[in-house]
Amino acid sequence: MEELIKKDLVTSGKAKSLYKTSNEDLYILHYRNDTSAFDGKKIESLEGKGAINNKFNAFVMKHLEENGVSTHFESQISDTESVVKKLEMTPIECVVRNIAAGSICKRLGVQEGLELDPPTFEFFYKDDDLGDPMINDYHIESFGWATSDQVEEMKNLTFKVNEILKELFAGGGMILVDYKLEFGDYKGKLLLGDEFTPDGCRVWDAETKEKLDKDRFRQDLGDVVESYHIIANKLGII
Ligand code: ADP
Ligand code: UDP
């Protein structure tokens, strides 16, 4: 394959930067150390976070591909960079929850730790200024953010990911509490985009229920990057 040359910055989000490449179908995704919470109101740089998330994401995306979920992931090319397919992103966050934690506890007045059987699903509109409001299928279609077929596909794929990853985390002695996925169009096909890392999911130790994900940052529990390494270790990534 011809050498891929990194070109202009396309966009810099809260935790990653996206670059054009010499191949117009491919981007380079750079995982930075920047860590944010509360729609960007709390920001810190955490040494080593970009590298562990890049490695973590590569492992999870490959595992999902092996289990029949099509993703944008192509290859990891450095400690903090991966090549991905260029997607037309839908401005939607798809969240599946196996256990109640975070915003659902505040919104519905339920205790953290409540088991959700069956797991529940929520759509959010990706807009920091609006605080990523929760939306439903009808909003997505009425505002033209995605088609009804894509809405169904996003739900099905997000639940399929749950079956695959719940098992993966359970095998490492952990509980996958909840997570957020983003999808985008690639030449007419909906692919899983963005990332799957401890920045965008909740993972608890199955025995102790210790939080190992970005809640350590949100709640000032310390050892954020160290905990990401603990999850990676338990999964055999490092
Ligand atoms: P944010 O601040 O938006 O939460 P990040 O710092 O994670 O985001 O920046 C990554 C940005 O790149 C997000 O807007 C995400 O939707 C977008 N993105 C992720 N994967 C792709 C892709 N394959 N093609 C195009 N855009 C992507
Ligand atoms: N999440 C995310 N990005 C967001 C909002 C949520 O990655 O902009 C993830 C979050 O890490 C958690 C899940 O989606 O794993 C559900 O988040 P929740 O709605 O509970 O919001 P929070 O209280 O975490 O902001």
Side-chain angles (χ1 to χ4, degrees), residues 9-21 24-43 49-50 53-54 57 61 70-74 80-108 110 112 116 119-135 145 158 161-162 165 169 175-187 189-204 211-219 224 228 231:
L9 177 75
V10 180
T11 179
S12 206
K14 296 189 293 297
K16 305 191 290 304
S17 301
L18 208 52
Y19 293 86
K20 283 186 188 164
T21 70
E24 64 174 32
D25 289 334
L26 301 175
Y27 277 160
I28 288 174
L29 200 50
H30 173 220
Y31 287 79
R32 308 194 313 272
N33 289 337
D34 299 315
T35 312
S36 74
F38 313 122
D39 299 315
K41 289 183 199 80
K42 175 175 175 168
I43 301 175
K49 199 212 56 165
N53 274 4
N54 188 36
N57 179 69
M61 291 280 169
S70 301
T71 81
H72 68 158
F73 182 78
E74 290 277 313
T80 56
E81 296 166 307
S82 288
V83 176
V84 297
K85 291 190 179 71
K86 172 184 170 182
L87 304 183
E88 199 70 56
M89 298 301 289
T90 57
I92 306 295
E93 298 185 338
C94 301
V95 170
V96 159
R97 301 176 188 272
N98 294 306
I99 308 268
S103 73
I104 199 171
C105 294
K106 289 199 197 108
R107 212 177 329 116
L108 301 181
V110 293
E112 179 178 274
L116 302 171
T120 199
F121 183 98
E122 295 169 344
F123 281 122
F124 294 89
Y125 177 47
K126 204 171 146 60
D127 186 317
D128 283 334
D129 293 338
L130 299 175
D132 289 352
M134 191 164 87
I135 52 171
W145 293 320
T158 307
V161 165
N162 199 34
L165 295 189
F169 283 91
I175 302 169
L176 178 60
V177 171
D178 62 27
Y179 56 91
K180 179 267 301 177
L181 301 181
E182 293 181 28
F183 294 90
D185 178 272
Y186 181 75
K187 303 181 178 187
K189 189 168 191 255
L190 198 76
L191 301 185
L192 174 62
D194 205 48
E195 67 181 295
F196 192 101
T197 71
D199 267 3
C201 66
R202 288 191 170 91
V203 175
W204 296 349
K211 294 173 180 173
L212 299 171
D213 55 78
K214 199 164 85 172
D215 269 350
R216 299 201 69 84
F217 174 71
R218 293 189 188 93
Q219 301 173 9
V224 180
Y228 290 18
I231 308 179

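Values below: every heavy atom of this structure, side chains too, minus hydrogens, waters and symmetry copies. Remember, it's 1-based here, ligands and their atoms both numbered in the order they're listed.
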For [atom], what is the closest protein heavy atom, and at what distance to 0.1 Å?
atom                    : value
atom 24 (N) of ligand 1 : Leu87 N, 3.0 Å
atom 21 (C) of ligand 1 : Met89 SD, 3.7 Å
atom 7 (O) of ligand 1  : Lys16 NZ, 2.5 Å
atom 16 (O) of ligand 1 : Glu182 OE1, 2.8 Å
atom 2 (O) of ligand 1  : Lys14 N, 2.7 Å
atom 6 (O) of ligand 1  : Ala15 N, 2.6 Å
atom 20 (N) of ligand 1 : Asp194 N, 3.2 Å

Distance under 4.0 Å to a non-hydrogen atom of Leu18: what atoms of ligand 1 satisfy this?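 Selected atoms, number and element: 12 (O), 25 (C), 26 (N), 27 (C).
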
Quick one: which ligand 1 atoms are inside 4.0 Å of a heavy atom on Val84?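 Ligand 1 atoms under the 4.0 Å threshold to Val84: 23 (N).
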
Expected output: side-chain [X] to main-chain [Y] donor-acceptor under 3.5 Å:
X      : Y      : result
Asp213 : Val203 : yes
Lys86  : Tyr186 : no
Ser70  : Leu191 : no
Asn98  : Pro119 : no

Within a reach of under 6.0 Å around CD of Gln219, are more than 12 heavy atoms found that belong to other residues, nucleotides or ligands?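 Atom CD in Gln219 is crowded, with more than 12 foreign heavy atoms closer than 6.0 Å.
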
With a sphere of 6.0 Å drawn around NZ of Lys42, does it hold more than 12 non-hydrogen atoms of other residues, nucleotides or ligands?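 Check passes, neighbour count above 12.
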
Nearest-0.5 Å distance that lies between atom CG in Leu190 and atom CD in Glu88: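 The CG atom of Leu190 sits 12.0 Å away from the CD atom of Glu88.
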
How far does OG1 of Thr21 sit from CD1 of Ile28, to the nearest 0.5 angstrom?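 So the OG1 of Thr21 and the CD1 of Ile28 are separated by 6.0 Å.
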
Minimum-distance pair of heavy atoms, taken over all atoms of Glu93 and Lys126: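 Looks like OE2-CG, 3.7 Å.
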
Looking only at distances, please establish whether an N/O atom of ligand 1 is found under 3.5 Å from an N/O atom of Lys85.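 N/O-N/O distance under 3.5 Å: yes.
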
Has ligand 1 got any nitrogen or oxygen that is less than 3.5 angstrom from a nitrogen or oxygen of His72?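 Yes, His72 has an N/O under 3.5 Å of an N/O on ligand 1.
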
Would you check if there is a donor-acceptor pair between the side chains of Asn54 and Thr80 at a distance under 3.5 Å?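 No, Asn54 and Thr80 have no side-chain donor paired with an acceptor closer than 3.5 Å.
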
With a 4.0 angstrom cut-off on heavy atoms, strictly below it, pick out the residues next to ligand 2 and order them by chain and number.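 Shell around ligand 2 (4.0 Å, heavy atoms): Glu93, Val95, Arg97, Ala101, Gly102, Ser103, Phe124, Asp132, Asp178, Tyr179, Lys180, Asp199, Gly200, Cys201, Arg202, Arg218.
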
Any side-chain heavy-atom pair from Val224 and Lys49 closer than 4.5 angstrom?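 Counting from C-beta outward, Val224 and Lys49 never come under 4.5 Å.
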
Test of ring centre spacing under 6.0 Å for Phe123 and Tyr125: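 Centroid separation for Phe123 and Tyr125: 6.0 Å or greater.
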
Heavy-atom contact under 4.0 Å between Lys126 and ligand 1?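 Yes, Lys126 has a heavy atom closer than 4.0 Å to ligand 1.
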
